Amino acid sequence: MRLLTGRLGKNFTTAITGLLVLLLVPPAWPATLGDAEFADLAKDLQLTLNQLQAEQGFPGATAAVALGDGRLIKIATGMADVERGIAMTPDHRLMGGSTGKTYVAAVAVILELDGVWDLDDKLSRYLGDRPWYKDIANKDTMTLRNLLRHRSGVENYYDLPRFHELVAEMAKKGRGIDEFSREKLIRFVVGLPPLFEAGKGYRYTDIGYILIGEAIEAVTGEDYFEVLENRLLHPLGLNLTGRSKRRMAGITQGYAPDTGPLVPGITRMLADNGELKFDPALEFTGGGLVNNSGDMARWLVALYSGRAISIDAVRDITAPPDHPTDRENESGNYYGLGVFVRTHANGPTTWGHGGYFPGYRSAMQYLPEHQFAGAVQLNTEAGVWASEPAAPGEKRPNAERALARLQTVVLQALE
C-alpha cells in the first residue's frame with residue numbers, strides 16, 4: 001500500500017456476549033498502552049458493550065476502537081439474526097447510513113489536491129447542463145464547499161411532507177422507496193425557494209451530497225463508488241466497507257418498528273434469501289455504504305491523522321465555517337466537510353458522524369487530542385422516529401450514547 005501525504009494513488013461466545021478480536025497492524029506512532037494494558041482495555045470494552053445491550057435492548061452490535069499506534073480492538077455482542085439464532089461477530093457488516101458522507105468529502109478533497117477542481121467552484125460548472133438545474137435553489141451561487149458543509153440553502157427531500165405522503169401511498173400499493181432514483185429525489189426540491197443565501201446558513205440535507213456525487217461523476221467520468229474504492233478503500237485495506245446493494249456478504253439482519261416512515265410495514269430488512277427488501281442504491285452519496293465498525297474506526301484514524309490526505313487538508317475539513325449561525329456561535333459545534341465537529345464542556349473534542357438506514361444505526365468519532373477513534377453499529381432503528389421522551393423503564397437503543405460510554409473506557413485506560 002502506498003499513501004502519499006497530499007494525494008492518494010489509484011461466541012467467551014454466547015448469544016449475548018459475542019466475540020472479541022484483537023488485531024495488530026503496523027504501528028505508526030509509539031504505543032500508548034503496554035500489551036497487558038491493551039488486553040485489559042479490550043476486556044473492559046467487551047464488558048461495557050455487553051452492559052449496553054442489557055441497558056438499551058438492541059438485538060446486536062459491533063464496536064471497535066482504533067488507537068493512534070495502529071492497534072485495533074473489535075468486539076461484538078448480541079445477535080446478528082434473532083430468528084435464526086446467529087450471534088453477532090466483530091466482522092459482521094451493517095448499513096452505515098450517513099457515515100458515508102465522510103468518504104464523499106474525502107474524495108472531493110482528493111480531487112482538489114489533484115487539481116481536478118476547486119471546492120470553491122460553483123456547482124453550475126459541473127451540473128449546469130442538467131435539465132432540472134435551472135430551477136434549483138441558489139443555482140448560480142452555491143459552491144461545492146457549500147454542499148459539503150450543508151450550507152447550500154437547498155431543501156432536503158425527507159423534510160418534505162409530500163415525500164412521506166407519497167411513500168405511505170406507495171407502501172399501500174406494495175411499492176417501496178427503491179422506486180426513487182437519485183434524480184427523482186433531486187426533483188422533490190426543484191422549484192423550491194432557497195432556505196437561505198448560499199454559505200450564510202446551515203441545513204443538513206442529503207440532496208446536497210447527492211448533488212456532490214453527481215458532480216464527482218461528471219468531473220471524473222467515473223462511477224463514484226469506483227473512485228472511492230480505487231482511491232481510498234482498497235489502498236487503506238478497508239475490505240469490509242463497500243457499495244450497498246440488494247445482496248451483500250456478511251450483512252446482519254436489520255430490525256425496525258412497522259411504523260417506520262421510510263419502509264412502513266417492514267420490520268426485518270433482509271428477506272429469507274438474504275437480500276435487502278429494497279434497493280439501497282437510492283442513498284447514493286447521501287450514505288451509500290455497507291460498513292463494519294473496525295473499518296470505520298480505522299478509516300477515521302487514517303483520515304484525520306493525515307495518513308490518507310495531507311494534514312493541511314485535514315485542517316480544511318475540520319475548520320469552522322466562514323459564516324456560523326447563531327446556534328453554532330452559541331454551542332461552538334459545527335459541520336465541516338463531511339464531519340460534525342463537537343466540543344464538549346466536560347469531555348474532549350470529537351470529529352465524526354452518525355448514520356441511520358432503515359433497520360440500522362451507526363456512530364463513529366475521532367478524538368484528535370488523544371489520537372484514537374471509536375465506532376458502534378446497531379442492527380435496529382428502534383427509537384429513531386420516537387417523538388416523545390422514553391417512558392420509565394423503556395429501553396431505547398442509541399448508537400451515539402453507546403459510543404460515548406465506550407470512549408470513556410478508553411480515556412480512563414489512557415490516563
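Predicted, not measured: the structure shown is a model, and the values here were computed from it. The figures that follow rest on heavy atoms only: side chains count, while hydrogens, waters and symmetry mates do not. The chain is numbered in sequence order, starting from 1.
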Residues two or more places apart in sequence or in another chain: which of them pass ring-ring contact (aromatic ring centres under 6.0 Å, His included) with [X]?
| X | result |
| --- | --- |
| Tyr157 | Phe163 |
| Phe284 | none |
| Tyr126 | Trp117 |
| Tyr202 | none |

Review point. Please walk me through it: do Glu275 and Arg247 pass salt bridge (charged side-chain N to carboxylate O under 4.0 Å, His left out)?
Key: CA-CA 5 Å; Glu275 291 187 353; Arg247 180 179 288 276; 3.7 Å; yes

Side chain to side chain donor-acceptor pair (under 3.5 Å) against [X], all qualifying residues, sequence neighbours excluded:
| X | answer |
| --- | --- |
| Glu83 | Tyr255, Arg268 |
| Ser293 | Thr62 |
| Thr102 | Trp299 |

Exercise for review: Before giving the answer on salt bridge (charged side-chain N to carboxylate O under 4.0 Å, His left out), spell out for Arg71 and Asp35 the whole-Å C-alpha distance, their side-chain angles and the decisive distance to 0.1 Å.
Suggested key: CA-CA 10 Å; Arg71 290 180 294 178; Asp35 291 344; 3.7 Å; yes

Please confirm whether the backbone N or O of [Y] pairs with a side-chain atom of [X], one donor and one acceptor, at under 3.5 Å?
| X | Y | value |
| --- | --- | --- |
| Asn230 | Glu226 | yes |
| His164 | Pro161 | no |
| Gln53 | Phe58 | yes |
| Asp81 | Gln253 | no |
| Asp91 | Asn292 | no |
| Asn146 | Ala198 | no |
| Asp114 | Val116 | no |
| Glu222 | Val227 | no |
| Tyr360 | Gly97 | no |
| Lys395 | Ala54 | yes |

Review point. Does any pair with a residue in residues 44-57 pass salt bridge (Lys or Arg N to Asp or Glu O under 4.0 Å), and if so which ones, sequence neighbours excluded?
Key: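 Applying salt bridge (Lys or Arg N to Asp or Glu O under 4.0 Å) to every pair that reaches into residues 44-57, excluding sequence neighbours, yields Glu55-Arg405.
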
Exercise for review: Kindly state each residue pair satisfying salt bridge (Lys or Arg N to Asp or Glu O under 4.0 Å) with at least one member in residues 192-203, sequence neighbours excluded.
Suggested key: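 Applying salt bridge (Lys or Arg N to Asp or Glu O under 4.0 Å) to every pair that reaches into residues 192-203, excluding sequence neighbours, yields Glu155-Arg203, Asp159-Arg203, Glu197-Lys200.
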
Applying salt bridge (Lys or Arg N to Asp or Glu O under 4.0 Å), name anything that partners [X], two or more places apart in sequence or on another chain.
| X | result |
| --- | --- |
| Glu217 | Arg182 |
| Asp120 | Arg145 |
| Asp223 | Arg243 |

Would you check if there is a donor-acceptor pair between the side chains of [Y] and [X] at a distance under 3.5 Å?
| X | Y | value |
| --- | --- | --- |
| His150 | Tyr334 | no |
| Ser98 | Tyr204 | yes |
| Lys184 | Ser181 | no |

Review point. Is the shortest side-chain N to carboxylate O distance from Glu328 to Arg151 below 4.0 Å?
Key: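 Between Arg151 and Glu328 there is a salt bridge, with a charged N closer than 4.0 Å to a carboxylate O.
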
Review point. Going by heavy atoms in the side chains, are Arg298 and Leu236 under 4.5 Å from each other?
Key: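 No - every pair of side-chain heavy atoms lies 4.5 Å or more apart.
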
Check your understanding: Would you say the side chain of Ser305 lies within less than 4.5 Å of the side chain of Tyr366, judging by non-hydrogen atoms?
Key ->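 In short, these two side chains touch, coming nearer than 4.5 Å.
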
Check your understanding: Do Phe372 and Phe38 have ring centroids that are under 6.0 Å from one another?
Key ->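 They do not qualify: ring centres at least 6.0 Å apart.
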
**Study point:** Sole candidate of Ile186, Val219, Leu211 that passes side-chain contact (heavy atoms from CB on, under 4.5 Å) when paired with Leu127
**Key:**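 Considering Ile186, Val219, Leu211, a side-chain contact (heavy atoms from CB on, under 4.5 Å) with Leu127 is found only for Leu211.
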
Exercise for review: Could you please spell out the steps behind the side chain to side chain contact (heavy atoms under 4.5 Å, CB included) verdict for Asp326 and Glu330?
Suggested key: CA-CA 6 Å; Asp326 290 342; Glu330 181 179 348; over 6 Å; no

Review point. Hey, mind stepping through Lys122 and Asp140 against salt bridge (charged side-chain N to carboxylate O under 4.0 Å, His left out) and telling me if it holds?
Key: CA-CA 7 Å; Lys122 300 292 193 297; Asp140 297 323; over 6 Å; no

**Study point:** Spacing of CZ belonging to Arg246 relative to CD1 belonging to Ile251, to within rounding of 0.5 Å
**Key:**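 Going from CZ on Arg246 over to CD1 on Ile251, the span is 12.0 Å.
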
